[in-house]
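Take a look at the structure below.
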Amino acid sequence: MAAAVFHSARDFRAWLERGEGDGEEVFTDAKLRQRLGDPLGTFEAPVVSDAEVLPSEAKALAEKAAPLLGIGASTAEDLLRLWARNRLAPLPVLHYEGAIYELVDLNLSGVLPLLVDLLHSERCEALQALAVVLRGAHDDSHPFAAQCRELSEKLLGDNLEKKLWDLYVKVSGCPRFSSSPEHGEVETVVKQGLELQLCVLECLLLAAYDPQISRRDPEQICRIAEECYRQRFLGSLPRAAHLHHWLLGDAEICSQAQCVGDLCLALLIEHLDLETLEAMPSRHVLVSSPEHVKHLHKLIESWLEICRHTLAPSESTAALAHCGRHVALVVLAWAVLLGCVPESFREAHGLGLKRILSSVVFQSEILHDAVCSIQDRGFLMCDSRNAQHLAARSVARGLVAMVAQAFRLDGPMASIHLAMSKLGAMAFADSSACLEFWRSDYPKRQGIFLVLHGWLMGFPRNLSALLELLCGLSEGHGSLYVAELLKASLNVIQLPYRLLRDVTEFEDCPGSSTGAPSPTLQLLEPAYVEELALRVLGLELLESHVSSCAILPTGARGILQQDRPADPERSPRSSQAHLVQWSLGDQHVSLWRISVCAWDAILSSGPHDAAPCGTASVSLFDARRRPRLDATVDLRLIICYELVTSSFLLRS
């Protein structure tokens, strides 16, 4: 496969994706490697073209267009050749002896806008071709995996990451407009600039994906943090909107800018390299550079104020809320990093956690709102030919795993449990990642298993969040494992004390090693397990399910637990904020059984017909939230039903 056959960046990218031939001649071609090392530089630098000589009229047009396009004359000629070839490709011309330029109108005013669009398309294709190479380095199934990895290592050794970051800073600067731009020109320039930023950020994420071949630089981490915050995690939009305020009211442009912010967030968290810090703290790039750590700590602490403003309706705007939510996730990642470094290191350099942990990031719903906003956009969850976010989702999985291991997702940190569960469900959209979780993290009881375990220990509360997480973990062959879990018998069930207060009594138990009593309760009357579970969810069990219900028998014992820190002024047996963990013994009750009962109860009742929850904790089925949640809960149950039935049919 000769390198000369690639008439455009689009051709090169398409060939890389197909993986045809042995590729040796292409991957060793010096010119192509130079283009990959500086994807947009080749459009600006003067090059000697060995293509056919243009007719005088076409050559004159290219010379006039070159300064207007911001490229060299020879590049403009190549672009004109490509435009003419694309222009005539669909025409049914069998044979023409003259030059193809005689068949097109070479009027500058008519051709220039088409050349602008073609140049933008080629720039994006050049960046996406680089992304294919970087992605192929981590994909063993790609025909050119070995060549891609070798080439990636060489490109990264030639400072590819620094070049890409400098390129991002350049393309995310204030867009260039004409002296009196019209509305259409501003809209086109801003949209094309944001699209270029997305392409560059995807390459940056892939370049830093493997810490073994990526060169972490503490100075670079600081630059990324400062630039992302300066841009308010919106790319070039704030600077462009400073000149043209109406841009902030354009839904498509704002959505595109928010997607740029999502990738910026992933890039910054990726460079914090949390997983390496856990495995080898002494080798982490920031631990070896205390000055940069102190600079980042001071910087991130100063961001807490914008999180506070985000929660004040009178002070918050859409752009401020977007920035504040992304900042909150960065603060969370930074708190994890500080929690993983040795305490002696924190004390020696004044890296206190108290201000961060007492901030609104951990004391409000801002983290949950941040994850929901990313989830609602769906940008990181959905891949297309021009946008594949495997690396960004891998960063999200790493963040969830590290948060779950750094903090107990109950007690004071319970507010981030739901946020991490939602982020985990979104991040496991790749079947290979799901399978890896069920085969590795689940049996080892690590990573996002801790999030899942938290929901299971509190079952049946938060059934909706549990089903959402299981749906996220059911991609590909992961559905087989989810089906097994849904059908497995539960050992315990956790119910509010108030629910059975009238039919239970306390019994004295031996004290613990500290001498404190361990209150237990004894059930005085039998109760249906499914009915109790549905009452926690604010639902009523249908008569059709009663005959097959499991029974919590008379004499069953439950252990009294607290749902919040103990109040020294209250008795340990006080009913406020207490839960009871009941052992189910040989009763066969599964997640699937409770979910089906809940599903039928929802479908048979109106939006506000559910019984009051009657618990101190807020249920996701609470009547105040029912109108919004009915459809989503039904959908999760349907998905779980489909994966259960399809998985068991497959296995049988």
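Residues: numbered from 1 along the sequence shown.
Closest non-hydrogen pair, A321 versus T310, comes out as CA-CG2, 3.6 Å. When all heavy atoms of A208 and E161 are compared, the closest pair comes out as CB-OE1, 3.5 Å. A406 and V336 make their closest contact through CB-CG1, 4.2 Å (heavy atoms, listed as atom of the first residue, atom of the second, distance). Between S152 and A137 the shortest heavy-atom distance is OG-CB, 3.5 Å. A pairwise comparison of heavy atoms in P175 and V190 identifies CG-CG2, 4.4 Å as the closest pair. Minimum heavy-atom separation, V395 to A266: CG1-O, 3.6 Å.
Put simply, the side chain of C340 reaches to within 4.5 Å of the side chain of M402, judged on heavy atoms. Counting heavy atoms from C-beta outward, W165 and L267 have side chains that approach closer than 4.5 Å. Using a 4.5 Å cut-off on side-chain heavy atoms (C-beta onward), I356 and H297 make contact. Side-chain contact check for L286 versus I221: some heavy-atom pair is nearer than 4.5 Å. V260 is listed as a side-chain neighbour of C264, based on a closest heavy-atom distance under 4.5 Å. The shortest distance between side-chain heavy atoms of R445 and H453 does not fall below 4.5 Å. At least one side-chain heavy atom of R33 sits under 4.5 Å from a side-chain heavy atom of L151. A 4.5 Å side-chain heavy-atom check between V171 and S236 finds every atom pair outside the cut-off.
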Discussion item. The test is side-chain hydrogen bond (donor to acceptor under 3.5 Å, both in side chains); show your working for S421 and E468 and say whether it passes.
Written reply: CA-CA 8 Å; S421 180; E468 181 182 26; 5.5 Å; no
Discussion item. Under the criterion side-chain hydrogen bond (donor to acceptor under 3.5 Å, both in side chains), I'd like the reasoning laid out for E202 against H389: C-alpha separation, chi angles, the key distance, then a yes or no.
Written reply: CA-CA 7 Å; E202 184 182 356; H389 306 120; 5.6 Å; no
Practice prompt. Step by step, work out the side-chain contact (heavy atoms from CB on, under 4.5 Å) result for I300 and V327.
Written response: CA-CA 8 Å; I300 291 174; V327 162; over 6 Å; no
Item to complete: Determine, stepwise, if the pair H309 / E305 fulfils side-chain contact (heavy atoms from CB on, under 4.5 Å).
Response: CA-CA 6 Å; H309 288 302; E305 191 66 18; 3.5 Å; yes
Practice prompt. Would you please test S373 and R377 for side-chain contact (heavy atoms from CB on, under 4.5 Å) and show each step?
Written response: CA-CA 6 Å; S373 67; R377 276 190 292 280; 4.0 Å; yes
Item to complete: Dump the intermediate steps for side-chain contact (heavy atoms from CB on, under 4.5 Å) on L263 and L380, then the final yes or no.
Response: CA-CA 8 Å; L263 291 185; L380 297 182; 3.7 Å; yes
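Ring geometry, F362 versus F407: the interplanar angle exceeds 60°, so the pair is classed perpendicular (tilted spans 30 to 60°). In this structure, W15 and F27 have tilted ring planes: the angle between them lies in the 30° to 60° band.
Salt bridge E291/K294: present, at least one basic N to carboxylate O contact under 4.0 Å. Using a cutoff of 4.0 Å between basic side-chain nitrogens and carboxylate oxygens, R393 and D430 are scored as salt-bridged. With salt bridges taken as basic N to acidic carboxylate O contacts below 4.0 Å, none links K170 and D166.
Within a 6.0 Å radius of CG in D140, other residues, nucleotides and ligands contribute 12 heavy atoms or fewer. Applying the 6.0 Å contact sphere to NZ of K162 captures no more than 12 heavy atoms from other residues, nucleotides or ligands. The number of heavy atoms from other shown groups lying within 6.0 Å of CD (E219) is above 12.
Annotation: ring-ring contact (aromatic ring centres under 6.0 Å, His included) contacts of W438 (sequence neighbours excluded): Y442, Y481.
The distance from the CG atom of L16 to the CD atom of Q147 is 10.5 Å, given to the nearest 0.5 Å. Rounding to the nearest 0.5 angstrom, the gap separating the CD atom in Q128 from the CZ atom in R10 is 11.0 Å. If you take SG on C199 and CG on L130, they are separated by 10.5 Å, rounding to the nearest 0.5 Å. The distance from atom CZ of R123 to atom CD of E195, rounded to the nearest 0.5 Å, is 12.5 Å. Note that the CG atom of L353 and the CD atom of E301 stand 9.0 Å from one another [nearest 0.5 Å]. In this structure, I366 CD1 and L329 CG are separated by 8.5 Å, a value rounded to the nearest 0.5 Å.
Under the 3.5 Å distance criterion, with hydrogens and angles disregarded, no donor-acceptor pair is assigned to the side chains of Q192 and E187. Defined by atom type and a distance below 3.5 Å, a donor-acceptor pair is present between the side-chain atoms of D262 and H326. A donor atom on one side chain and an acceptor atom on the other are not found under 3.5 Å apart for D383 and Q388. Side-chain contact annotation: Q231 with E227, donor-acceptor N/O pair under 3.5 Å present. No hydrogens or angles considered: a donor-acceptor pair under 3.5 Å links the side chains of D139 and S141. Checked by atom type, the side-chain pair H271/Q220 shows no donor-acceptor distance below 3.5 Å.
Checked by atom type and distance alone, the side chain of S358 pairs as donor or acceptor with a backbone atom of R355 at under 3.5 Å. Formation of a donor-acceptor pair under 3.5 Å by the R439 side chain with backbone atoms of E436 is not found in this model. With H142 contributing its side chain and F144 its backbone, the two residues share a donor-acceptor pair below 3.5 Å. The closest donor-acceptor contact from the side chain of S172 to the backbone of Y168 lies under 3.5 Å. Put simply, the side chain of R325 never gets that close to the backbone of V371: no donor and acceptor are under 3.5 Å apart. S440 contributes no side-chain N or O that, together with a main-chain N or O of F437, makes up a donor-acceptor pair within less than 3.5 Å. For the pair R232 (side chain) and C323 (backbone), a donor-acceptor distance under 3.5 Å is absent. Listed for the S364 side chain is a donor-acceptor partner under 3.5 Å among the backbone atoms of V360. Judged by distance alone, with hydrogens and angles left aside, the side-chain atoms of E475 form no donor-acceptor pair with the main-chain N or O of C434 at under 3.5 Å. Listed for the Q405 side chain is a donor-acceptor partner under 3.5 Å among the backbone atoms of G447.
Each of V451, L423, N462, V482 was checked for a side-chain contact (heavy atoms from CB on, under 4.5 Å) with L469, and the lone residue meeting it is V451.
Aromatic pair F233/H322: ring centres not closer than 6.0 Å.
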